Amino acid sequence: MLGALLGSAVLVLGACSVDDVVNFGWAMPDPATEQGPHIYELWRWSWWAAMATGAVVWALIFWVIWRYRRRSDEDVPVQTRYNLPLEIFYTIAPIMMVIVFFYWTVTVQNVVLAEVDDPDVTVEVVGQQWSWTFNYMDEDAVDAPVVYAAGTASQIPTLWLPKDETVHFNLHSPDVIHSFWVVGFLMKMDVVPGRVNSFQVTPNVEGTFKGKCAELCGTYHSRMLFDVNVVSRAEYDAYLQSLYDLGNFSDTPLLGGSDARTQAGLNTNGDH
């Protein structure tokens with residue numbers, strides 16, 4: 001049990017950079033969205049429960065070692081074939097633990113996956129081998145249905161979001177399974193070919209955050225990085241205008257990226 005806990009801790013800490021872990025926080029960065037604290041609390045209390053369970057198990061192990069130790073060469077321990085109360089306990093107790101974990105996991109999942117009908121911002125996110133394209137939809141700040149920013153395997157793109165506004169992400173993939181993960185949002189979701197997954201967040205902390213693909217997706221998976229800037233609405237609108245001025249606009253969402261591939265069912269056109 002202790003080995004499993006230490007191994008899990010090493011894996012979790014290995015997935016987070018020093019910049020992400022701003023305090024102890026159980027290897028979690030400070031939540032930067034309204035939904036983030038729910039995920040953080042589930043993570044934190046799960047660790048407390050796991051450590052409490054480990055402490056009880058190890059205490060019982062050492063107690064049994066001491067209580068039923070061999071006291072002399074002639075001493076033969078009592079041979080017990082079964083112990084019905086003990087067997088009932090170690091069957092029922094894990095089941096109850098799983099039920100509690102399942103209940104709180106589903107409760108938090110329902111909260112973080114809840115969606116409003118009229119989000120303030122909609123971004124069509126495309127993960128392709130090996131970069132990202134961000135399509136900003138129907139924004140009043142620009143005179144175009146879509147403005148976009150596309151990265152490549154050698155150029156890390158940046159996703160801009162306004163603070164304190166609900167953002168709706170639609171996730172597309174033209175090739176293989178990716179995973180859209182903004183570390184500071186404590187939230188990630190798979191990007192599956194032929195299926196549009198979605199979720200919403202409300203960023204409530206201005207700043208720059210790191211994003212990455214959390215699904216092994218091919219040779220250059222490690223290059224699938226992106227930055228996230230959470231800014232004021234005025235700065236956000238100015239950024240969209242700068243994309244428009246660069247000619248990065250279209251009538252429909254673009255796949256984007258020089259390494260992209262098309263796929264039936266994904267909105268594309270001849271502009272890219």
Side-chain angles (χ1 to χ4, degrees), residues 32-36 39 109-142 144-151 156-203 209 211-215 217 224-230 233 236-237 239-240 243-244 248-257 259-269 271-272:
T33 67
E34 291 183 2
Q35 295 79 7
I39 300 173
Q109 178 178 288
N110 289 338
V111 171
V112 300
L113 294 183
E115 296 185 358
V116 300
D117 294 332
D118 187 24
D120 300 299
V121 174
T122 298
V123 182
E124 302 286 339
V125 177
V126 180
Q128 73 269 346
Q129 294 175 316
W130 283 272
S131 192
W132 301 89
T133 298
F134 305 118
N135 298 278
Y136 303 89
M137 308 296 297
D138 300 318
E139 290 286 349
D140 295 334
V142 292
V146 182
V147 290
Y148 61 88
I156 297 176
T158 300
L159 171 66
W160 287 61
L161 302 174
K163 179 185 175 185
D164 295 328
E165 298 190 30
T166 301
V167 181
H168 181 94
F169 294 113
N170 289 321
L171 309 178
H172 308 265
S173 170
D175 37 55
V176 300
I177 298 177
H178 302 279
S179 185
F180 180 71
W181 181 23
V182 181
V183 179
F185 292 178
L186 313 188
M187 177 68 180
K188 60 183 175 182
M189 183 172 286
D190 281 351
V191 187
V192 182
R195 173 188 178 124
V196 181
N197 289 336
S198 66
F199 70 96
Q200 296 180 354
V201 296
T202 305
F209 304 91
K212 60 190 71 177
C213 176
E215 189 79 30
C217 58
M224 286 199 63
L225 307 174
F226 61 95
D227 294 323
V228 180
N229 284 343
V230 178
R233 165 52 78 165
Y236 176 72
D237 288 345
Y239 171 71
L240 297 183
L243 291 178
Y244 182 83
N248 292 359
F249 60 88
S250 177
D251 294 331
T252 58
L254 298 184
L255 188 58
D259 299 322
R261 299 291 183 268
T262 59
Q263 172 196 307
L266 185 65
N267 289 329
T268 61
N269 61 33
D271 293 340
H272 59 285

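Quick caveat, the model's predicted, so the values are computed rather than measured.
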Determine, stepwise, if the pair Met189 / Leu113 fulfils side-chain contact (heavy atoms from CB on, under 4.5 Å). CA-CA 10 Å; Met189 183 172 286; Leu113 294 183; 3.6 Å; yes
Worked verdict on Val126 versus Trp132 for side-chain contact (heavy atoms from CB on, under 4.5 Å): CA-CA 6 Å; Val126 180; Trp132 301 89; over 6 Å; no
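Once rounded to the nearest 0.5 Å, the distance linking CH2 of Trp160 with CG of Leu243 reads 9.5 Å. Interatomic distance, Leu240 CG to Asn248 CG, rounded to the nearest 0.5 Å: 11.5 Å. Between Cys217 atom SG and Gln128 atom CD the span is 10.0 Å, to the nearest 0.5 Å. With rounding to the nearest 0.5 Å, the separation of OG1 in Thr33 from NZ in Lys163 is 13.0 Å. Between the CD atom in Glu165 and the CZ atom in Arg233 there is a gap of 4.0 Å [rounded to 0.5 Å]. Interatomic distance, CG of Leu225 versus CD1 of Ile156, reported as 5.0 Å (0.5 Å rounding).
The shortest side-chain heavy-atom distance between Met187 and Val182 does not fall under the 4.5 Å cut-off. Between Asp227 and Phe209 there is no side-chain heavy-atom pair separated by less than 4.5 Å. You'll find the side chain of Asp138 reaches within 4.5 Å of the side chain of Pro145, heavy atoms only. Between Thr252 and Glu124, every side-chain heavy-atom pair lies at or beyond the 4.5 Å cut-off. Annotation: side chain of Lys212 is in contact with side chain of Val183 (closest heavy-atom distance under 4.5 Å). The side-chain heavy atoms of Val116 and Asp118, taken from C-beta on, include no pair separated by under 4.5 Å. Contact of the Val125 side chain with the Val191 side chain is not registered, since no non-hydrogen atoms from C-beta on lie closer than 4.5 Å. Taking 4.5 Å as the limit, some side-chain heavy atom of Pro193 sits within range of a side-chain heavy atom of Ile177.
Side-chain N/O atoms of Glu139 and Tyr236 include a donor and acceptor closer than 3.5 Å. For the residue pair Glu215 and His178, no side-chain donor N or O sits within less than 3.5 Å of a side-chain acceptor on the partner.
A pairwise comparison of heavy atoms in Ser131 and Gly151 identifies OG-C, 3.0 Å as the closest pair. Minimum interatomic distance between Val192 and Ser173 (heavy atoms only, all atoms of both residues): C-CB, 4.1 Å. Heavy-atom minimum distance, Thr158 versus Ala149: O-CB, 4.4 Å.
Under the 3.5 Å distance criterion, the side-chain polar atoms of Ser250 are left unmatched by any main-chain donor or acceptor of Pro253. The closest donor-acceptor contact from the side chain of Asp120 to the backbone of Thr166 lies under 3.5 Å. Judged by distance alone, with hydrogens and angles left aside, the side-chain atoms of Asn197 form no donor-acceptor pair with the main-chain N or O of Leu171 at under 3.5 Å. Side-chain atoms of Glu115 never come within 3.5 Å of backbone atoms of Gln200 as a donor-acceptor pair (strictly under, hydrogens ignored).
Here the options are Phe180, Trp181, Phe185, the test is ring-ring contact (aromatic ring centres under 6.0 Å, His included), and the partner is Phe169; only Phe180 passes.
No close placement of the Tyr244 and Tyr136 rings is indicated, their centers lying 6.0 Å or farther apart.
Summarising the local packing, CG of Asn110 is surrounded by more than 12 heavy atoms from other residues, nucleotides or ligands at distances under 6.0 Å.
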